[in-house]
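One structure is given here, and the rest of the page talks about it.
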Amino acid sequence: MCISDRGTACPWDWGAKAGNMWRTTHDILPNWQSIMALYNYTINKCKTSKPGGWNDPDMLEVGNGKLTEAENKAHFSLWCMMAAPLMLGNDIRKFVDGNNNCVDGNSTLKIVTNRQLIAIDQDPLGKAAHRIQRSLSTDVLVRPLANGDAALCILNKGAKSKNISFDINTLRDNEYLDLSGAKGFEIHDLWTDERTVSDTASAVIQKHGVAVYRIKPLH
């Protein structure tokens with residue numbers, strides 16, 4: 001059951017006794033400013049989300065309005081990192097042609113069916129991401145996963161593309177994760193599907209875009 005008071009009565013404090021998820025915010029709109037406002041509010045409630053009771057920053061607007069592909073990917077990625085319910089708010093009729101066959105080139109369909117990101121969202125450990133770095137242009141989120149891996153999301157909030165490198169070794173001392181004993185790391189980019197063994201995650205992240213990685217500790 002969903003508690004839908006738009007966060008006015010702080011349902012994250014009591015909602016698990018009455019339902020399975022609760023709205024944390026007012027209604028979402030299909031624009032970047034709205035997505036960022038709901039994300040910024042909900043990410044601060046990460047400790048209240050757990051199996052059986054989830055923070056819900058409202059439905060997905062992927063494919064709606066004038067959102068760019070980078071913004072659509074970022075929106076979907078952030079909701080997955082926050083362990084939010086993934087409720088589609090777009091016109092799903094556009095996913096199929098006149099013969100009810102999937103439209104393979106539909107960019108919205110490709111985004112919302114990214115199985116690697118959905119696996120992060122639905123990870124059975126059920127711990128939502130923490131924001132460990134925040135600046136005017138960049139956020140870094142981490143999330144522990146049930147098998148000992150970690151999810152890492154780097155968000156470019158700025159108005160220009162950025163070359164970003166992140167040292168995975170800085171996560172060894174993060175008490176929320178389980179990476180302290182790793183001898184190295186396999187880094188799996190969940191949007192490009194590229195895998196590398198490295199201590200550094202590097203990417204060119206578009207304006208309002210993300211890079212999301214599954215970090216596997218090597219022992």
Hey, could you give me each pair passing salt bridge (Lys or Arg N to Asp or Glu O under 4.0 Å) that has a residue in residues 187-198? Not counting sequence neighbours.
->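 Passing the test, one end in residues 187-198: Glu186-Arg195.
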If you group Ile, Leu, Val, Met, Phe, Trp and Tyr whenever their side-chain heavy atoms sit less than 4.5 Å apart, what else falls in with Leu218?
->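 Joined to Leu218, directly or through intermediates: Val197.
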Would you check if the side chain of [X] reaches a backbone N or O of [Y] as a donor-acceptor pair within less than 3.5 Å?
X	Y	value
His208	Ala74	no
Asp121	Leu86	no
Arg23	Pro11	no
Asn44	Asn40	yes
Arg143	Ile120	yes

Going by the side chain to side chain contact (heavy atoms under 4.5 Å, CB included) test, name the single residue among Leu141, Leu171, Leu152, Leu177 that passes it with Ile132.
-> Leu171
With side chains defined as the heavy atoms from C-beta onward, is the minimum distance between Met59 and Asn64 less than 4.5 Å?
->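 With C-beta onward as the side chain, the pair stays apart.
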Student check: side-chain heavy atoms of Glu71 and Ile35 closer than 4.5 Å = no
Minimum heavy-atom distance between [X] and [Y], given as atom pair plus value:
X	Y	answer
His26	Asp58	O-OD2, 4.4 Å
Pro57	Met82	CG-CE, 4.0 Å
Ala201	Ile187	N-CD1, 4.0 Å
Ala70	Lys207	CB-O, 3.8 Å
Pro217	Phe185	CA-CD2, 4.1 Å
Ser34	Asp27	OG-O, 4.4 Å

Is there any side-chain hydrogen bond (donor to acceptor under 3.5 Å, both in side chains) pair reaching into residues 77-100, and which pairs are they, with sequence neighbours excluded?
-> Ser77-Trp191, Asp91-Arg93
Residue pairs meeting side-chain hydrogen bond (donor to acceptor under 3.5 Å, both in side chains), one or both in residues 148-166, sequence neighbours left out, come to Ser137-Lys162, Thr138-Lys162, Asp139-Lys157, Asn147-Asp149, Asp149-Arg214, Ser165-Ser202
List in chain and number order the residues that pass side chain to side chain contact (heavy atoms under 4.5 Å, CB included) with Lys127, two or more places apart in sequence or in another chain; answer none if no residue qualifies.
-> Leu125, Pro144, Tyr176
What's the spacing between [X] [atom1] and [Y] [atom2] if we round to 0.5 Å?
X	Y	atom1	atom2	value
Phe76	Ile111	CZ	CD1	8.5 Å
Met81	Cys46	CE	SG	10.5 Å
Lys66	Thr68	NZ	OG1	13.0 Å
Arg172	Asp167	CZ	CG	9.0 Å
Thr113	Phe95	OG1	CZ	7.5 Å

Between the side chains of Asn72 and Thr108, does any donor sit under 3.5 Å from an acceptor?
-> no
Does a donor on one side chain and an acceptor on the other come within less than 3.5 Å for Trp22 and Asp56?
-> no
Listed once per pair and sorted, the ring pair (Phe, Tyr, Trp, His ring centres under 6.0 Å) pairs that draw on residues 45-73, sequence neighbours left out =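 Counting only pairs at least two positions apart or across chains, no ring pair (Phe, Tyr, Trp, His ring centres under 6.0 Å) contact touches residues 45-73.
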